[in-house]
Structures are given as C-alpha cells and as structure tokens.
> 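I have a structure I would like to understand better, so I am pasting it below and will then ask my questions one at a time.
Given the structure is predicted, the values throughout are model-derived calculations rather than measurements.
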Amino acid sequence: MTHPITKTRPSTHSLVWTVICLGLLASTSLFQPVDALAQTEGDYLYNVSMLRAAPGHFNDLISALEESFELIREAGDEAPFFMRHSQGDQWDFMLIYPMGDVSTYHGAARTARRNAVWQTDRGRELSGRLAENSSYRENWFARSVDVTEMSRRFEGMGFYHIEIFAGIAGKREELLEQRRMENRYYTELDRQLNVLFVRASGSNWDAMTIGFYESLQSYAAIGAQYSPAEQDAAARAAGFDGVGAISPYLRSLLSYHNDTLAVPVG
C-alpha cells in the first residue's frame with residue numbers, strides 16, 4: 001500500500017491527538033468501470049485531523065509532521081493519508097489516521113508501546129514542536145472503507161475534492177442518503193465514486209466525502225464529458241428531481257458545510 005506522501009505507511013497515531021493529550025485534461029482514471037470502485041463506505045475507524053500552521057511556520061509544521069511519522073512507525077501504528085489545502089477551508093493540512101477499531105487501537109499492548117515511544121525525551125520534544133507550529137487543530141472520528149481500499153483510492157491521485165457536512169437536526173440520516181444518491185448519479189455516468197466518511201465521535205461534522213482525481217485538469221474537465229441531457233437523466237435515475245435539484249436538495253439538509261480542494265504533500 002502507498003500513500004500520497006510516502007511509499008511507506010507510518011502509523012495510525014494522530015499527531016493532533018497526541019498534542020491534545022499532551023496538553024495541548026480528462027484523466028482516464030475518472031472513467032474506470034464503477035464495479036471496481038463500488039466500495040464507498042464501511043466500518044473502519046479513522047481519526048480525521050485538520051491543522052493550520054502558526055503564522056510563518058508552515059514548513060516547520062510539515063517537517064515536524066514528517067518526523068512524527070518515524071515515531072508513529074516505532075509505536076506500531078499506521079501512517080496518515082496526508083494532504084494540504086489548495087483552496088477552500090481554513091486548514092492547511094488534513095491527516096486521516098487509520099485506527100481500525102477503538103478496542104484494538106487502545107488495547108493494553110498497543111497503548112504501552114505507543115506510550116513508550118511518545119513519552120521519551122524525543123517524543124515530548126516533538127509533541128511540543130507540533131503544538132508550537134500549529135495555530136488551529138480539529139479532530140473527529142469517522143468510519144469509512146477499510147485501509148486497503150482507502151490506500152487503493154489514494155494511489156496515484158494528485159488532486160482531491162473534500163466536502164464536509166454538518167446536518168440539520170432530524171436530517172442527518174437523510175444527509176447520508178443524499179450522499180449515497182450522488183454516488184448513484186456518478187454510477188449512471190460511469191464516473192469514479194466518492195468515498196464517504198460517517199461520524200463516529202468528536203467534532204460536529206456528520207459526514208465527509210472525498211473525490212479522487214489525477215490532477216486539477218482532470219477535475220476541471222469532468223463537467224464537459226456529459227451533455228446536459230445525460231446529466232439530467234443520470235440525476236433522475238439516482239432519485240433526484242433532475243440535475244439542477246442536486247445542490248438545492250443537499251443544502252436543504254445542512255446546518256453548514258465546507259468545500260476544499262487539496263493536493264498531496266511533497
């Protein structure tokens with residue numbers, strides 16, 4: 001398995017979680033057969049961390065995060081999928097740490113090994129640098145496809161469209177279904193499907209989707225691949241009242257949301 005930033009997966013330990021605990025034109029990949037891309041959600045637990053660098057410390061934070069991956073590997077955890085903001089939301093970096101499940105991740109043996117690494121002088125010093133070099137930190141925990149499938153989806157991709165949603169009270173399940181309907185719309189057009197993350201705990205976000213593209217050019221070109229009639233027919237087949245109704249329906253379910261375009265780090 002490979003990562004957007006490195007060919008070797010560091011470990012699952014969320015650096016942000018450590019900091020808190022310590023005190024804190026069209027690409028062919030767009031049109032792969034959808035049967036190979038049908039897995040879009042699951043029960044595998046991730047820690048989704050969003051960081052903004054302290055003013056003047058953007059590169060310092062990257063260096064500290066990259067160094068942290070060595071300690072994460074030492075601790076026997078998994079490395080995050082690592083991306084940086086291009087435009088949209090306020091964070092500079094998103095790190096998606098594979099956990100698997102709570103009981104295994106926080107089991108006695110793994111916790112002891114993790115503590116043995118992070119409670120060393122190096123671990124404490126690095127945690128301090130992570131805190132000093134970041135001015136905004138947000139964590140939430142969400143379930144999605146297993147780590148093997150997630151790695152496959154990131155493999156070779158150079159551009160990501162990230163949508164993150166807080167639903168209106170009483171509409172959260174409908175929001176999740178709307179996200180699934182949008183993937184059905186993509187299925188009708190034989191497009192790659194978004195990966196769906198569903199909230200388990202943490203921040204106020206209820207769901208997140210990530211769309212994977214080879215480049216900005218492939219992302220920008222996708223709208224030109226289908227006629228308005230084809231898009232409208234696909235939307236109706238997916239359960240929408242036409243393509244023009246997709247966005248208004250989504251917004252009717254939201255308290256607020258953020259859209260972000262992102263790229264790999266490095």
> Does Tyr105 offer a backbone N or O that forms a donor-acceptor pair with the side chain of Arg114 under 3.5 Å?
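Present.
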> Under the rule for salt bridge (charged side-chain N to carboxylate O under 4.0 Å, His left out), what residues qualify as partners of Glu67, not counting sequence neighbours?
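Salt bridge (charged side-chain N to carboxylate O under 4.0 Å, His left out) list for Glu67, sorted by chain: Arg122, Arg129.
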> Heavy atoms only: give me the nearest Arg153-Phe212 pair and the separation to one decimal.
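Looking at all heavy atoms of both residues, the closest pair is O-CD2, 3.5 Å.
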> Does the pair Gln178 and Leu253 meet the rule for a side chain to side chain contact (heavy atoms under 4.5 Å, CB included), with working shown?
CA-CA 9 Å; Gln178 193 280 341; Leu253 307 174; 3.8 Å; yes
> Main chain of Tyr226, side chain of Gln231: is a donor-acceptor contact present, judged purely on distance under 3.5 Å?
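Looks like yes, one N/O pair under 3.5 Å.
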> Which side-chain N or O atoms in residues 164-174 pair as donor and acceptor under 3.5 Å with protein atoms at least two apart or in another chain?
from, atom 1, to, atom 2, distance (Å)
Arg172, NE, Asp206, OD1, 3.4
Arg172, NE, Asp206, OD2, 3.1
Glu174, OE2, Tyr249, OH, 2.7

> Ion pair present between Arg180 and Glu41, side-chain N to carboxylate O less than 4.0 angstrom?
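Salt bridge flag = yes for Glu41 with Arg180.
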> Please answer whether the main-chain N or O of Ala108 pairs with a side-chain N or O of Thr111 as donor and acceptor at a distance below 3.5 Å.
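Not a single qualifying donor-acceptor pair exists.
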> Ring of Phe58, cation from Arg52 - is the NZ or CZ under 6.0 Å from the centre and inside 45° of the axis?
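Ring-cation test returns no.
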> Excluding sequence neighbours, so at least two apart, what forms ring-ring contact (aromatic ring centres under 6.0 Å, His included) with His161?
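In terms of ring-ring contact (aromatic ring centres under 6.0 Å, His included), with neighbours along the sequence ignored, His161 is linked to Tyr219.
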> Any chance the rings of Phe81 and Tyr97 have centres within less than 6.0 Å?
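Between Tyr97 and Phe81, which both carry aromatic rings, the centre distance is not below 6.0 Å.
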> Closest approach of Ala53 and Ser135, non-hydrogen atoms and distance?
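Heavy atoms only, the tightest pair is O-OG, 3.3 Å.
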> Do Met208 and Trp140 come close enough that some side-chain heavy atom pair is under 4.5 Å?
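Yes, their side chains come closer than 4.5 Å.
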> Looking only at side-chain N and O atoms, does Thr104 offer a donor or acceptor that is under 3.5 Å from a partner on Asp101?
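Yes, because at least one side-chain N or O of Asp101 sits under 3.5 Å from a partner of the opposite role on Thr104.
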> Taking all non-hydrogen atoms of both residues into account, name the closest pair between Ala75 and Trp118 and its distance.
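Of all heavy-atom pairs spanning Ala75 and Trp118, the closest is CB-NE1, 4.4 Å.
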> Does the side chain of Thr40 reach to within under 4.5 Å of the side chain of Asn194, using non-hydrogen atoms?
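A side-chain contact under 4.5 Å is absent here.
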> What I'd like to find out is whether the side chain of Ile246 reaches to under 4.5 Å of the side chain of Val243, using heavy atoms alone.
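Yes, their side chains come closer than 4.5 Å.
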> Phe197: which residues meet the ring-ring contact (aromatic ring centres under 6.0 Å, His included) condition with it, sequence neighbours left out?
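Phe197 satisfies ring-ring contact (aromatic ring centres under 6.0 Å, His included) with Tyr46 only.
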> What are the two closest heavy atoms between Arg113 and Arg73, and how far apart are they?
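Heavy atoms of Arg113 and Arg73 come nearest at NH2-O, 4.0 Å.
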> For the backbone of Ser49 and the side chain of Asn139, can you confirm whether one donor and one acceptor N or O come within less than 3.5 Å of each other?
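Side chain of Asn139 to backbone of Ser49: no pair is present.
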> Determine whether the aromatic ring centres of residues Phe82 and Phe69 are separated by less than 6.0 angstrom.
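Yes, the ring centres sit under 6.0 Å apart.
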> Establish, from distance only, whether the side-chain atoms of Ser203 and Glu138 form a donor-acceptor pair under 3.5 Å.
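Yes.
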> Starting at CE of Met157, measure out to CD1 of Ile210 and round the result to the nearest 0.5 Å.
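These two atoms lie 13.0 Å from each other.
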> Could you pull out all residues at least two apart from Glu230 that satisfy salt bridge (charged side-chain N to carboxylate O under 4.0 Å, His left out)?
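Glu230 satisfies salt bridge (charged side-chain N to carboxylate O under 4.0 Å, His left out) with no other residue.
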> Would you say the side-chain atoms of His257 and Asp259 include a donor-acceptor pair closer than 3.5 Å?
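The answer is yes; a qualifying pair exists.
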> Looking at NE2 of His85 and CD of Gln90, how far apart are the two atoms once the value is rounded to the nearest 0.5 Å?
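It comes to 9.5 Å.
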> Using the side chain to side chain contact (heavy atoms under 4.5 Å, CB included) rule, take Phe159 and Glu214 through it: C-alpha gap first, then chi angles, then the decisive distance, then the call.
CA-CA 6 Å; Phe159 195 79; Glu214 284 189 344; over 6 Å; no
> Please report whether the ring centroid of Tyr160 lies less than 6.0 Å from that of Tyr213.
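No: the rings miss the under 6.0 Å criterion.
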> Identify the heavy atoms of Asp232 and Gly242 that sit nearest to each other, and give their distance.
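Residues Asp232 and Gly242, closest heavy atoms: OD1-CA, 3.2 Å.
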> With rounding to the nearest 0.5 Å, note down the distance linking CZ in Arg137 to CG in Leu51.
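If I round to the nearest 0.5 Å, the distance is 8.0 Å.
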> Apply ring pair (Phe, Tyr, Trp, His ring centres under 6.0 Å) to Phe141 and Trp205, showing your working.
CA-CA 9 Å; Phe141 299 85; Trp205 300 114; over 10 Å; no
> Test side chain to side chain contact (heavy atoms under 4.5 Å, CB included) on Arg84 and Asp92; report intermediate values, then the result.
CA-CA 6 Å; Arg84 70 173 177 85; Asp92 292 318; over 6 Å; no
> Does NZ or CZ of Arg191 fall inside the cone over Tyr186's six-membered ring, less than 6.0 Å from its centre and within 45° of the axis?
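Geometry flag: set, cation within 6.0 Å and 45°.
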> Supply the atom-to-atom distance Asp121 CG to Leu126 CG, rounded to the nearest 0.5 angstrom.
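Going from CG on Asp121 over to CG on Leu126, the span is 12.5 Å.
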> CG of Leu193 to CG of Asn183: how many Å apart, nearest 0.5 Å?
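Those atoms lie 4.5 Å apart.
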> Would Thr209 and Val195 count as a side chain to side chain contact (heavy atoms under 4.5 Å, CB included) if you check the C-alpha gap in whole Å, the side-chain angles of each, and the deciding distance to 0.1 Å?
CA-CA 5 Å; Thr209 55; Val195 167; over 6 Å; no
> If you compare all heavy atoms of Gly56 against all heavy atoms of Asp60, which two are closest, and at what distance to 0.1 Å?
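Closest approach of Gly56 to Asp60, heavy atoms only: O-OD2, 4.3 Å.
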> If hydrophobic residues (ILVMFWY) are linked whenever their side-chain heavy atoms come closer than 4.5 Å, directly or via other members, who joins Leu176 in its cluster?
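Direct or chained contacts put Leu176 with Leu196, Val198.
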> Is the closest side-chain heavy-atom distance between Phe93 and Leu61 below 4.5 Å?
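Yes, side chains in contact.
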> Just so I know, are the side chains of Leu175 and Leu254 near enough to count as touching, which here means a heavy-atom distance under 4.5 Å?
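Leu175 reaches Leu254 side chain to side chain.
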> Let me confirm one number: the CD1-CD distance from Ile222 to Gln217, rounded to the nearest 0.5 Å.
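Rounded to the nearest 0.5 Å, the CD1-CD separation comes out at 14.0 Å.
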> Check this for me: does any side-chain nitrogen of one of Arg179 and Glu182 sit under 4.0 Å from a carboxylate oxygen of the other?
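Counted as a salt bridge, because a side-chain N and a carboxylate O are separated by less than 4.0 Å.
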> Please step through salt bridge (charged side-chain N to carboxylate O under 4.0 Å, His left out) for the pair Arg184 and Glu177, ending with a clear verdict.
CA-CA 10 Å; Arg184 291 199 289 271; Glu177 182 57 27; 2.8 Å; yes
> With a 4.5 Å limit on heavy-atom distance, are the side chains of Met94 and Thr260 in contact?
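No, too far: nothing below the 4.5 Å cut-off.
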